[in-house]
**Student:** 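One structure is given below, represented as C-alpha cells, and several questions about it will come after.
Side-chain atoms are counted along with the backbone in the values below, which use heavy atoms only and exclude waters and symmetry mates. What you see is a predicted model; the values in this text were computed from it and never measured.
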Amino acid sequence: MQRSRQPLWIVLLALLALGGWTLAHRWLPRAGLAETNFQANLIRLQAWMFEAPRSNAIIGSSIGGRLLVGNFAGTPLASLANLALDGSGPELGLRLVLARDNPPPRIFIEVHRLGKPWNANDETLLATLHEPGFALAGRIPGLRADTRPTTLLYAWLKGRHEPAPQAAILPPPSGSVLTTPAVASAWQPKLAEEVAELRRRGCEVILLRLPVGRENPARPELPNEADELAAKLGLRLIDLNRETARRGLEMSYSDGLHLSPASARAVCQLLAEQATKAP
C-alpha cells in the first residue's frame, strides 16, 4: 500500500468500524454507570440533552447519582432523568433544567449538597456540553458515553460482581454545608428564586433526603434541617432515610457514604412508592 494512501484507509476503516458499532449497539444494553466519574456524568448529561423529555428529574450530587434510571423501570417514575452529578451539587442540574422551556413536571432536589459552592468540576461539565464531540455524540449514538465498549464491559462486570458493602460506622461529621449559617445565607435566597421559577412553570418541586451513611442523623425521626428548609420554601420533603429507619430496612454503603447497588435499588423502589402518595 502506498504511504500516501495509508491515512485515507485508516480513516475509512475507522468510519466503517464506527458505523458497525453504531448499528450493533442497538442490540446491546446501555450502561447506567461508568469506570470514571466524568464518564458517569457524561451518561447522565447526554441522556438529558439527546433523549425525549422525561416526566421526572432528580437533581443533586453523586449521592443521588447512585439512583440509576434503570432501577425505576416498571414504576411510576420510569420516565426519569438523573441530573445528580458526581463531584457536583444541585446548582448545575438546576441550571440545566431552567434552561429548558418545558422542564419536567416533577423535580426532586437532593438536599445533601445544596450549599456546595460552584467549582471547577461544574465549569468543566458545563463547558463539555458545548464541545463538538458532545454534539457529535447526539447525532451518532455509537459515540455516546453509555455505548463505549470499555464502559459497557465495566457495567457488565459490576453487575455480575457486586462489591461487598461497608456498614456506616464512621463518626458523624461536625457539620455540613446544609447547616452552616454562613454558607446558607449565600445559597438559600438563590435556591428560593429557582424553586419559585420552576413552580411558575408548572413544576412540582420536592426535596429529597437519601440515606447517606455517616451523615445520617442519629435520630432520623426527629425534625432536622431538611424539614426546616422544606417548611421555609413551602415544599414537600421525602425523607427516605427516615422512611427506611421507620421500616427497619438496613442500608449498606460502598464507602460509608454512597448507597451500595443493592440498597440503591431498594431506595429507588421506595422513592417511586413515596412519590405517588398524597402529601
**Student:** Find out whether Q39 and L42 are in side-chain contact, i.e. whether some heavy atom of one side chain is under 4.5 Å from a heavy atom of the other.
**Tutor:**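 Q39 reaches L42 side chain to side chain.
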**Student:** Applying salt bridge (Lys or Arg N to Asp or Glu O under 4.0 Å) as the test, list every pair that has at least one member in residues 94-104; sequence neighbours left out.
**Tutor:** E91-R95
**Student:** Can you tell me which residue pairs pass the salt bridge (Lys or Arg N to Asp or Glu O under 4.0 Å) test with a partner in residues 129-141, sequence neighbours excluded?
**Tutor:** none
**Student:** Would you be so kind as to tabulate the donor-acceptor pairs closer than 3.5 Å made by side chains of residues 69-87, with sequence neighbours excluded?
**Tutor:**
| residue | atom | partner | partner atom | Å |
| --- | --- | --- | --- | --- |
| T75 | OG1 | F72 | O | 2.7 |
| T75 | OG1 | L77 | N | 3.1 |
| S79 | OG | S55 | N | 2.9 |
| N82 | OD1 | A84 | N | 2.8 |
| N82 | ND2 | G64 | O | 3.3 |
| N82 | ND2 | L67 | O | 2.9 |
| D86 | OD1 | R44 | NH1 | 3.0 |

**Student:** State, without any angle test, whether S62 and H258 hold a side-chain donor-acceptor pair at a distance under 3.5 Å.
**Tutor:**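 A pair is found: one side chain offers a donor N or O, the other an acceptor, under 3.5 Å apart.
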**Student:** Do N56 and F108 come close enough that some side-chain heavy atom pair is under 4.5 Å?
**Tutor:** yes
**Student:** Does D122 have any side chain to side chain donor-acceptor pair (under 3.5 Å) partners at least two apart in sequence or in another chain, and if so, which?
**Tutor:** S88
**Student:** Quick one: list whatever passes side chain to side chain donor-acceptor pair (under 3.5 Å) with N224, sequence neighbours left out.
**Tutor:** R209
**Student:** Do side-chain atoms of D227 reach the backbone of P223 as a donor and acceptor pair under 3.5 angstrom?
**Tutor:** no
**Student:** Whether the side chain of S263 engages the backbone of L259 through a donor-acceptor N/O pair (distance < 3.5 Å, no angle test) should be reported.
**Tutor:**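 No; judged by distance alone, with no hydrogens or angles, the pair does not exist.
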**Student:** Is a donor on one side and an acceptor on the other found under 3.5 Å between the side chain of E110 and the backbone of L210?
**Tutor:**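 No.
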**Student:** Does R199 have any side chain to side chain donor-acceptor pair (under 3.5 Å) partners at least two apart in sequence or in another chain, and if so, which?
**Tutor:**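 R199 satisfies side chain to side chain donor-acceptor pair (under 3.5 Å) with no other residue.
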**Student:** Applying side chain to side chain contact (heavy atoms under 4.5 Å, CB included), can you list everything that pairs with E51, at least two apart in sequence or on another chain?
**Tutor:** R30, A47, R54, R144
**Student:** Would you give the length of the straight line joining atom CG of L191 to atom CG of L235, rounded to the nearest 0.5 angstrom?
**Tutor:**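 If we round to the nearest 0.5 Å, L191:CG and L235:CG are 8.0 Å apart.
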**Student:** Which residues pass the side chain to side chain contact (heavy atoms under 4.5 Å, CB included) test with A230, sequence neighbours left out?
**Tutor:** L207, L237
**Student:** If the threshold is 4.0 Å, N to carboxylate O, is there a salt bridge linking E197 and R200?
**Tutor:**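 Yes, this pair counts.
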**Student:** In this structure, are over 12 heavy atoms from other groups packed under 6.0 Å from E228 atom CD?
**Tutor:**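 For E228, atom CD is not crowded (no more than 12 foreign heavy atoms under 6.0 Å).
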**Student:** Going by side chain to side chain contact (heavy atoms under 4.5 Å, CB included), name the residues that satisfy it together with E204, two or more places apart in sequence or in a different chain.
**Tutor:** R106, I206, R236
**Student:** Please, which pairs that meet ring-ring contact (aromatic ring centres under 6.0 Å, His included) have at least one residue in residues 131-150, sequence neighbours excluded?
**Tutor:** F50-F134
**Student:** Restricting to ring-ring contact (aromatic ring centres under 6.0 Å, His included), what partner residues turn up for F38, sequence neighbours left out?
**Tutor:**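 Per chain and number, F38 pairs via ring-ring contact (aromatic ring centres under 6.0 Å, His included) with no residue.
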**Student:** Going by the rule side chain to side chain donor-acceptor pair (under 3.5 Å), which residues pair with E243 if we only count those two or more places apart in sequence or in a different chain?
**Tutor:**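 E243: side chain to side chain donor-acceptor pair (under 3.5 Å) contacts with R246, R247.
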**Student:** Can a side-chain donor-acceptor contact be found between S260 and S254 if the only test is distance below 3.5 angstrom?
**Tutor:** no
